[in-house]
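Below is one structure, written out as structure tokens, with a few remarks after it.
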Amino acid sequence: MSASPETVSAGSARFTRYFIYGALIILAVVYLLPLYVMLSTSLKSLDEIRGGDMLALPTDPSIAAWLKAWGEACIGVSCVGIKGYFWNSIKMVVPAVIISTLLGALNGYVLTKWRFPGHKIVFGMMLFACFIPFQAVLIPMARLLGLMGLSNSTTGLVMVHVIYGLGFTTLFFRNYYEAFPDELVKAAMIDGAGFFRIFWRILLPSSGPIIVVTVIYQFTNIWNDFLFGVSFSSGEASPMTVALNNLVSSSTGVKEYNVDMAAAVFAALPTLFVYVVAGRYFVRGLMAGAVKG
């Protein structure tokens, strides 16, 4: 007795679903394996690391390596840990993300609702800036920072990341506002609302999804940046990525892999936190931007 077409179809659908779930689980395990190795190694002693399996769980977990990485690890000739460099990155990332996001929103607003002669050329030039490699702007940016007296400072790094990220943030908001109803803006103008009132009271409150996308994108790029940090800062003014590189690249003394891994986890925590907290809003923002674009 042969199976009915409905039974065959249901069995095929079930097999496909199990296959997809299985493949996703395997890929998730592979993707998360480096994070597991970092965490487990940071909780082991040096003797256990040297004599044990890299994938084995720590037999006697300890946060001693975390405490040393935070407050005692030697970076160059200074043995004060990574905490100062961590806060350098926070002081750099937060204002850079806020400023670049607000300026991008304002640019997108102007380029879609207050068009002026040549607005397409301006947008095209800003779009072209998105494709300029980091290395091409190092020398002119270093010259500009020197003339402004912002070399080797957190303020200088904030300015660098705002300028370099402005093309991307403008692109995001311009595409999002392109589909925003012009009638609402015109009605507000008839009611007497000015340029900034329309922006603050109408467009910006409706921009939640694209703001989340922009903030996560900028936060990730700025926090993980190494080239600008190593080029425009040094010593105690360096961001977290530069300090981490100097820590793990040290060739003096005993190589403390558990401390290196703990420092690497510290460096990854902010971006991990941002994605965990705002990940679902990031996906919604991408979908909303795709629909409106």
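Position 1 is the first residue of the sequence; numbering continues from there. What's counted below: heavy atoms across the whole structure, side chains too, no hydrogens, waters or symmetry copies. Since the model is a prediction, treat every value here as computed from it, not as a measurement.
Distance CG/Asn152 to CG/Leu157: 8.5 Å, rounded to 0.5 Å. With rounding to the nearest 0.5 angstrom, the NE2 atom of His161 is 14.0 Å from the CG atom of Leu166. The distance from atom CZ of Phe173 to atom CG of Leu103, rounded to the nearest 0.5 Å, is 10.5 Å. Note that the CE atom of Met92 and the CD1 atom of Ile222 stand 7.0 Å from one another [nearest 0.5 Å]. For the atom pair OH of Tyr217 and CG of Asn221, the computed distance is 4.5 Å after rounding to the nearest 0.5 Å.
Note: Phe228 and Tyr164 have perpendicular aromatic rings, judged against thresholds of 30 and 60 degrees for the angle between ring planes. Relative orientation of the Phe172 and Phe168 rings is tilted, given thresholds of 30° and 60° on the angle between their planes. Ring geometry for Phe180 versus Tyr177: interplanar angle over 60°, hence perpendicular rather than tilted (30 to 60°).
Side-chain atoms of Asn88 come within 3.5 Å of backbone atoms of Ser238 as a donor-acceptor pair (strictly under, hydrogens ignored). Panel note: side chain Ser153, backbone Gly156; a donor-acceptor pair is recorded below 3.5 Å. At least one donor-acceptor pair closer than 3.5 Å links the side chain of Glu48 to the backbone N or O of Thr59. Counting only distance, with no hydrogens or angles, the side chain of Asp182 and the backbone of Lys113 share no donor-acceptor pair below 3.5 Å.
Placement of Ile49 and Val248 in two distinct hydrophobic clusters is found when ILVMFWY residues are connected by side-chain heavy-atom separations under 4.5 Å, directly or transitively.
Aromatic ring centres of Trp223 and Phe86: separated by under 6.0 Å.
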List, one per line, each side-chain donor-acceptor pair under 3.5 Å for residues 257-274, sequence neighbours excluded.
residue	atom	partner	partner atom	Å
Asn258	ND2	Lys44	O	3.1
Asp260	OD2	Lys255	NZ	3.4
Thr271	OG1	Ala268	O	3.0

Donor-acceptor contacts under 3.5 Å from residues 67-74 side chains, at least two apart:
residue	atom	partner	partner atom	Å
Lys68	NZ	Glu256	OE1	2.9
Lys68	NZ	Glu256	OE2	2.8

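Leu204 and Ala105 get closest at one heavy-atom pair: CD1-CB, 4.1 Å.
For the side chain to side chain contact (heavy atoms under 4.5 Å, CB included) test with Val230, the passing option among Val242, Thr241, Asn245 is Val242; the others fail.
By the 4.5 Å heavy-atom criterion applied to side chains, Ile198 and Tyr109 are counted as neighbours. The shortest side-chain heavy-atom distance between Ser233 and Pro239 falls under the 4.5 Å cut-off. Residues Leu138 and Phe232 have side chains in contact (heavy-atom distance under 4.5 Å, counting atoms from C-beta outward). Side-chain contact between Asn107 and Met126 is present, with heavy atoms from C-beta onward closer than 4.5 Å. Within the 4.5 Å cutoff, side-chain heavy atoms of Phe199 are placed close to those of Leu106.
A donor-acceptor contact under 3.5 angstrom links the side chains of Gln218 and Ser100, judged on distance only. A donor atom on one side chain and an acceptor atom on the other are found under 3.5 Å apart for Ser42 and Trp66.
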